[in-house]
Amino acid sequence: MASVTSLSDSVQQHLASALSATLPEAAGADPLLRRSDRADFQANGILALAKKAKANPRELAAQVVGRVVTGDELIKEVEVSGPGFLNITLADRAITGNLAARYADETGRLGVPTAAQPGTTVIDYAQPNVAKEMHVGHLRSAVIGDSVVQLLEFTGENVVRRHHIGDWGTQFGMLIQYLDEHPHELDHKDARVTGEEAMSNLDRLYKAARKKFDSDEEFKTRARRRVVDLQAGDAHTLAMWQKFVDESKIYFFSVFEKLDMEIRDEDIVGESGYNDMLAETCRLLEESGVAVRSEGALCVFFDDVKGPDGNPVPLIVQKSDGGYGYAATDLSAIRDRVFSLKANTLLYVVDARQALHFKMVFETARRAGWLNEDVTAAQLAFGTVLGKDGKPFKTREGETVRLVDLLDEAVERASAVVREKAQDLSEEEIAERGAQVGIGAVKYADLSTSANRDYKFDLDQMVSLNGDTSVYLQYAYARIRSILRKAGEVRPVAHPELALTGAERALGLHADAFAETVAEAAGEYAPHKLAAYLYQLASLYTTFYDKCPVLKAETPQQVENRLFLCDVTARTLHQGMALLGIRTPEKL
């Protein structure tokens with residue numbers, strides 16, 4: 001089915017036509033339409049146009065009103081307000097009719113269009129480290145990145161996912177050497193090893209290797225030699241390294257499964273994936289003059305990046321000892337993503353504290369010609385997860401909180417809330433709903449905050465049925481599904497001929513804005529805008545539910561029409577929450 005033009009777009013087109021007919025030089029001008037408390041919409045663009053044309057704004061507004069077609073099809077009435085604003089009220093028929101067109105979309109997209117000429121975006125998110133536990137600091141990259149992927153794919157973009165895991169570096173010499181000398185440390189009696197068992201094995205091995213490394217000089221020497229073997233591609237050493245990667249993946253997949261998130265093996269391309277490109281990346285940068293040798297290291301300098309002493313702080317691509325830093329890997333990844341994956345956009349969902357590093361990397365790639373007007377790169381920087389005290393989230397012992405522990409506690413709290421409210425749910429259903437509500441609560445708390453801001457991790461608030469929480473949205477959805485079940489044989493049917501109450505109008509107008517909200521959230525990589533829209537939708541539904549009896553409405557047609565409004569709202573909540581990576585249980 002073709003996409004459905006939103007009511008605001010239709011009104012915008014009508015006003016633009018009336019404007020250009022009144023003032024030919026205003027052709028293509030923006031009427032500056034927005035939702036209003038005084039009418040359905042308000043247009044403020046005439047003030048600026050009148051000033052430019054040296055005309056009286058109220059008189060110009062009155063002339064425009066005279067050219068606007070009013071009636072039952074779209075605009076019911078337009079009036080001039082204040083110094084030259086236009087207050088616009090839509091016909092009830094237009095609101096119901098437009099929603100009916102969205103409802104009829106058999107694809108389930110609610111009339112949301114897809115891009116006519118989609119590009120290719122490579123998104124780098126969810127980047128844990130091999131042989132290390134995931135902690136609360138890994139939460140935001142995964143949750144924000146996954147939602148941006150859903151939004152971009154839904155709007156038609158070609159999306160390539162990349163998980164740039166930390167799977168290379170000096171610590172692997174220590175780990176590989178220890179495993180080589182204690183070969184049964186990662187052996188499993190049961191082939192079906194769980195994620196927690198995998199992490200327990202890695203954690204135990206890491207601590208033992210570190211203890212030996214710190215206390216045994218001969219082992220330390222062997223471990224350092226092993227790093228050289230690894231970087232040189234020694235077959236036996238690489239096989240040992242692969243054991244660590246495989247063991248870690250078992251653990252990663254278990255955590256992402258808990259987060260209700262799909263991470264595919266083919267999308268995991270860690271630091272090691274670019275090893276073969278590092279030397280060439282350095283050669284290309286040096287030959288083009290983008291990078292220069294300084295004290296033996298290959299560096300890129302920037303006029304606006306200086307240290308506290310006023311001296312330039314370079315991006316070090318290759319160290320003076322010949323080793324490669326993060327910059328060489330990141331620049332090689334850009335080359336791969338631009339030239340092999342044919343990306344138009346590179347998006348990095350990475351902690352805001354790495355902003356300077358990525359600014360320097362992107363500028364280096366731009367100077368090298370790998371990024372240009374046709375290929376752009378951006379960091380979607382995110383803030384820190386804070387405790388209730390407003391400080392970075394730590395355990396009582398001052399250690400970083402394990403992500404698994406945090407998710408388990410969220411599910412436990414949510415299960416208690418579900419059990420308290422549950423009327424006809426089995427223990428199995430309570431456990432399933434508890435997981436959906438708990439994980440949804442964690443994701444929504446993150447996604448309802450602008451990514452670049454810090455946010456407080458408060459589980460009591462997150463699993464509350466009141467306020468801006470995913471539980472409130474899930475409960476609204478479950479309530480609607482309950483009404484639709486109780487309706488039995490009576491089906492939702494749109495009746496555009498019926499007059500609408502204030503609560504019905506407000507709900508219908510907001511539901512119709514779903515497509516433009518999705519487009520805005522996707523275009524700006526801003527899931528929080530979709531979250532805010534969905535919370536408002538649930539709030540307007542609550543008002544509608546309180547003021548408008550559904551199954552006991554006055555006429556059969558009104559029952560059908562209100563069931564239709566309920567179902568449109570439910571479908572919009574369901575689709576919107578899915579784009580945030582959150583489940584909507586049928587019963588709560």
Side-chain angles (χ1 to χ4, degrees), residues 3 28 30 112-127 141 144-164 266-267 269 271 273-274 276-291 300-305 315 317 326-350 352 354-382 451-452 516 518-527 529:
S3 60
D30 187 349
V112 178
T114 55
Q117 293 181 305
T120 296
T121 295
V122 176
I123 178 167
D124 189 325
Y125 70 107
Q127 311 104 342
S141 176
I144 295 167
D146 184 60
S147 180
V148 172
V149 166
Q150 304 302 329
L151 280 163
L152 291 176
E153 288 185 336
F154 190 68
T155 51
E157 182 77 350
N158 299 313
V159 180
V160 180
R161 311 165 191 216
R162 278 292 174 267
H163 309 295
H164 191 88
E266 62 266 29
D267 299 330
V269 183
E271 295 166 356
Y274 306 100
D276 294 344
M277 299 177 68
L278 301 180
E280 189 183 7
T281 295
C282 292
R283 180 182 64 77
L284 290 169
L285 292 173
E286 189 168 12
E287 286 180 359
S288 63
V290 172
V300 183
F301 289 91
F302 309 87
D303 292 338
D304 58 344
V305 183
L315 181 71
V317 185
Y326 289 122
T329 306
D330 288 333
L331 287 162
S332 297
I334 288 176
R335 285 177 54 218
D336 179 62
R337 293 165 186 186
V338 171
F339 299 111
S340 297
L341 300 177
K342 309 297 183 190
N344 310 105
T345 305
L346 307 181
L347 188 61
Y348 294 76
V349 188
V350 183
Q354 295 189 47
L356 179 60
H357 169 77
F358 278 100
K359 177 186 173 186
M360 294 162 83
V361 165
F362 295 159
E363 174 59 19
T364 299
R366 192 189 64 75
R367 290 180 190 177
W370 306 333
L371 298 176
N372 49 48
E373 289 181 2
D374 299 322
V375 187
T376 58
Q379 180 193 0
L380 179 48
F382 55 82
N452 58 14
E516 58 201 72
V518 168
E520 185 181 357
E524 298 177 18
Y525 312 129
K529 293 197 170 183

Rounded distance (nearest 0.5 Å) linking atom [atom1] of [X] with atom [atom2] of [Y]:
{"X": "I144", "Y": "Y525", "atom1": "CD1", "atom2": "OH", "result": "14.5 Å"}
{"X": "T364", "Y": "I334", "atom1": "OG1", "atom2": "CD1", "result": "8.5 Å"}
{"X": "D336", "Y": "T329", "atom1": "CG", "atom2": "OG1", "result": "12.0 Å"}
{"X": "Y125", "Y": "L380", "atom1": "OH", "atom2": "CG", "result": "12.5 Å"}
{"X": "E373", "Y": "R366", "atom1": "CD", "atom2": "CZ", "result": "10.5 Å"}
{"X": "T376", "Y": "N344", "atom1": "OG1", "atom2": "CG", "result": "8.0 Å"}

Which pairs, with at least one residue in residues 148-159 and sequence neighbours excluded, count as a salt bridge (Lys or Arg N to Asp or Glu O under 4.0 Å)?
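Sorted result for residues 148-159: E153-R161.
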Flag the pair W370 / T281 as yes when at least one side-chain heavy-atom distance between them is below 4.5 Å, and no otherwise.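 Touching, per the 4.5 Å side-chain cut-off.
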Working note: F382 + V349, criterion side chain to side chain contact (heavy atoms under 4.5 Å, CB included); need CA distance, chi angles, decisive distance, verdict.
CA-CA 7 Å; F382 55 82; V349 188; 4.0 Å; yes
Where [X] and [Y] come nearest, the two heavy atoms and their spacing:
{"X": "G156", "Y": "T114", "result": "CA-CB, 4.2 Å"}
{"X": "S332", "Y": "Y274", "result": "CB-CB, 3.9 Å"}
{"X": "G145", "Y": "I123", "result": "O-CD1, 3.8 Å"}
{"X": "L152", "Y": "A522", "result": "CD2-O, 3.8 Å"}
{"X": "A343", "Y": "V375", "result": "O-CG1, 3.5 Å"}
{"X": "L371", "Y": "A377", "result": "CD1-CB, 3.7 Å"}

- NZ/NE/NH1/NH2 to OD/OE distance under 4.0 Å, E363 and R367: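 R367 and E363: salt-bridged.
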Whether D304 and K359 form a salt bridge (side-chain N of Lys/Arg under 4.0 Å from carboxylate O of Asp/Glu) is what I want to check.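 Salt bridge flag = yes for D304 with K359.
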Discussion item. List the residues meeting side-chain hydrogen bond (donor to acceptor under 3.5 Å, both in side chains) with S141, not counting sequence neighbours, and say none if there are none.
Written reply: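 In terms of side-chain hydrogen bond (donor to acceptor under 3.5 Å, both in side chains), with neighbours along the sequence ignored, S141 is linked to Q127.
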Q) Per the side chain to side chain donor-acceptor pair (under 3.5 Å) rule, which among R337, H163, Q379 passes with D124? A)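 So, applying the side chain to side chain donor-acceptor pair (under 3.5 Å) to D124 and each of R337, H163, Q379, only R337 qualifies.
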TODO: State whether the number of non-hydrogen atoms from other residues, nucleotides or ligands found under 6.0 Å of Q117 atom CD is greater than 12.
DONE: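 It does not: Q117 CD has 12 such atoms or fewer within range.
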(request) Evaluate the criterion side chain to side chain contact (heavy atoms under 4.5 Å, CB included) for residue pair H357 and V350; output intermediate values, then yes/no. (result) CA-CA 11 Å; H357 169 77; V350 183; over 6 Å; no
Practice prompt. Start with the C-alpha distance between L331 and R335, add both sets of side-chain angles, then the distance that settles side chain to side chain contact (heavy atoms under 4.5 Å, CB included), and finish with yes or no.
Written response: CA-CA 6 Å; L331 287 162; R335 285 177 54 218; over 6 Å; no
Requested in this report: Step by step, work out the side chain to side chain contact (heavy atoms under 4.5 Å, CB included) result for T120 and L341.
Outcome: CA-CA 8 Å; T120 296; L341 300 177; 5.8 Å; no
Note to self: Centre-to-centre under 6.0 Å for H164 and Y326, is that the case here?
What the structure shows: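 Not under 6.0 Å, so no.
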